[in-house]
Protein chains: 2
Amino acid sequence: MVTDSTDVLDATFHALSHPTRRAMLATLADGVERSVGELAAPFDVSLAASSKHLKVLEAAGLIERRVVGRTHSVRIDASPLAEVADWTEAFRACWEPTFARLDGVLEEMKRHRKARRDR
Amino acid sequence: MVTDSTDVLDATFHALSHPTRRAMLATLADGVERSVGELAAPFDVSLAASSKHLKVLEAAGLIERRVVGRTHSVRIDASPLAEVADWTEAFRACWEPTFARLDGVLEEMKRHRKARRDR
DNA sequence: CGAATCCGTAACCATGTGGTTGAATATCGC
DNA sequence: GCGATATTCAACCACATGGTTACGGATTCG
């Protein structure tokens, strides 16, 4: 069965469907906090448009905002991506139908299980 | 660097942002071909609306259509999901810092601390 | 204090989305 | 050929999206 937390996935997939928002997330992927202005700089749109994009990301729970003085400091919260990964992985057999990587996958599962056990 | 084939990911993420379309894909995940009517049956919308959903999935390359007689037979093509998986996996370290890619994460933390120190 | 900076909000516009209903097209069964 | 079936297409509607410009609210700097 393919599980589906509709609300989360709706918002997350929608947030990821725009290249500007994906690029912003990619920028934040190093874990460093950045201001709205810093995040908007690489893109050829107004600050207001960038602000809207960040609001979409925030609504999806993909970023968190910390207001410090007059600047809004933004950092990534990638936890919704875990659901995306889970959802997508459920289809892996559909695009990788051969058993070529079966060994690797089994190894992966063992390590994953061990890691979970050791946690 | 987080790679990004914009066009594919735009269309794919958008296609996945609607629960009905995700459910249709999930239905097709077993690899069995189904007619438009069969796919539309579980949902409380008109056939025309379902047809539109399928067109979105088709535009994203997530399904393929084979017209046989008067029925359109639809099957999954999950290959765009591979890109989604790749894109998402690049962020795994962001939500699973405990054991996934531990080395990378440690490096990340060092840089992060340095960045904070240098600020 | 006053000016500059960082950022959000409001109003606006063009276009897209998700839904409907109703008609058109093509095929199957009789 | 005729009626039923499967599906798309077209027109319409309410609303969301992505963009703009203009303004306002804090906050920092001089």
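Being a predicted model, the structure only gives us computed values, none of them experimental. Basis for what follows: all heavy atoms, side chains included, without hydrogens, waters or symmetry-related copies. Lettering follows sequence order; numbering is per chain, from 1.
Between B:Arg22 atom CZ and C:dG18 atom C1' the separation is 15 Å, expressed in whole Å. A:Leu39 has its CG atom 11 Å from the P atom of C:dG8, to the nearest Å. For the pair B:Leu54 CG and D:dA6 C1', the interatomic distance rounds to 13 Å; values are reported in whole Å. Between A:Arg66 atom CZ and D:dA26 atom P there is a gap of 21 Å when expressed in whole angstrom units. Protein atom CG of B:Asp10 is 11 Å distant from nucleotide atom P of C:dT17, rounded to whole Å. Atom-to-atom, CZ of A:Arg70 to P of D:dC29 comes out at 6 Å; the value is rounded to the nearest Å. The separation between A:Arg34 atom CZ and C:dC7 atom C1' is 18 Å, rounded to whole Å. Distance CG (A:Leu47) to P (D:dG19): 13 Å, rounded to an integer number of Å.
In this pair, A:His18 and A:His53 present their aromatic rings tilted. The plane angle is within the 30 to 60° band.
Not a single salt bridge (charged side-chain N to carboxylate O under 4.0 Å, His left out) links B:Arg70 to another residue, sequence neighbours left out.
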Protein-to-nucleotide contact annotation, 5' to 3' order, nucleotides 9-17 of chain D [B base; S sugar-phosphate only; - none; under 4.0 Å, heavy atom] = B-B-----S

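For A:Ala49, taking side-chain heavy atoms from C-beta onward, the closest of the listed nucleotides D:dG19, C:dG19, D:dT7 is D:dG19. The listed nucleotides are D:dG18, C:dG18, D:dT7; the one nearest the side chain of A:His53 is D:dG18.
Results of the side-chain contact (heavy atoms from CB on, under 4.5 Å) test with B:Leu39 over B:Ile63, B:Leu28, B:Thr20, B:Leu57 single out B:Leu28 as the only residue that passes.
For residues 54-65 of chain B, the side chain to side chain donor-acceptor pair (under 3.5 Å) pairs, not counting sequence neighbours, are B:Glu58-B:Arg65, B:Glu64-B:Arg75, B:Arg65-B:His72.
Contact annotation for B:Ser46: base contact, defined as any heavy-atom pair under 4.0 Å involving a base atom. Looking at heavy-atom distances under 4.0 Å, A:Ser35 makes contact with sugar-phosphate atoms alone, never a base.
A:Met24 and A:Val56 sit in two unconnected hydrophobic clusters of ILVMFWY residues. Membership requires side-chain heavy atoms under 4.5 Å apart, directly or through other members.
Between A:Thr20 and B:Ser50, it is B:Ser50 whose nearest contact on DNA chain D lies nearer the 5' terminus.
With rounding to the nearest 0.5 Å, the separation of CG in A:Leu16 from OG1 in B:Thr12 is 11.5 Å.
Phosphate contact (OP1/OP2 of D:dA6, side-chain N/O of B:His72, threshold under 4.0 Å): absent.
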Start with the C-alpha gap between A:Trp87 and B:Leu25, add the side-chain angles, then the distance that decides, and say whether side-chain contact (heavy atoms from CB on, under 4.5 Å) holds.
-> CA-CA 11 Å; A:Trp87 189 88; B:Leu25 267 193; 4.1 Å; yes

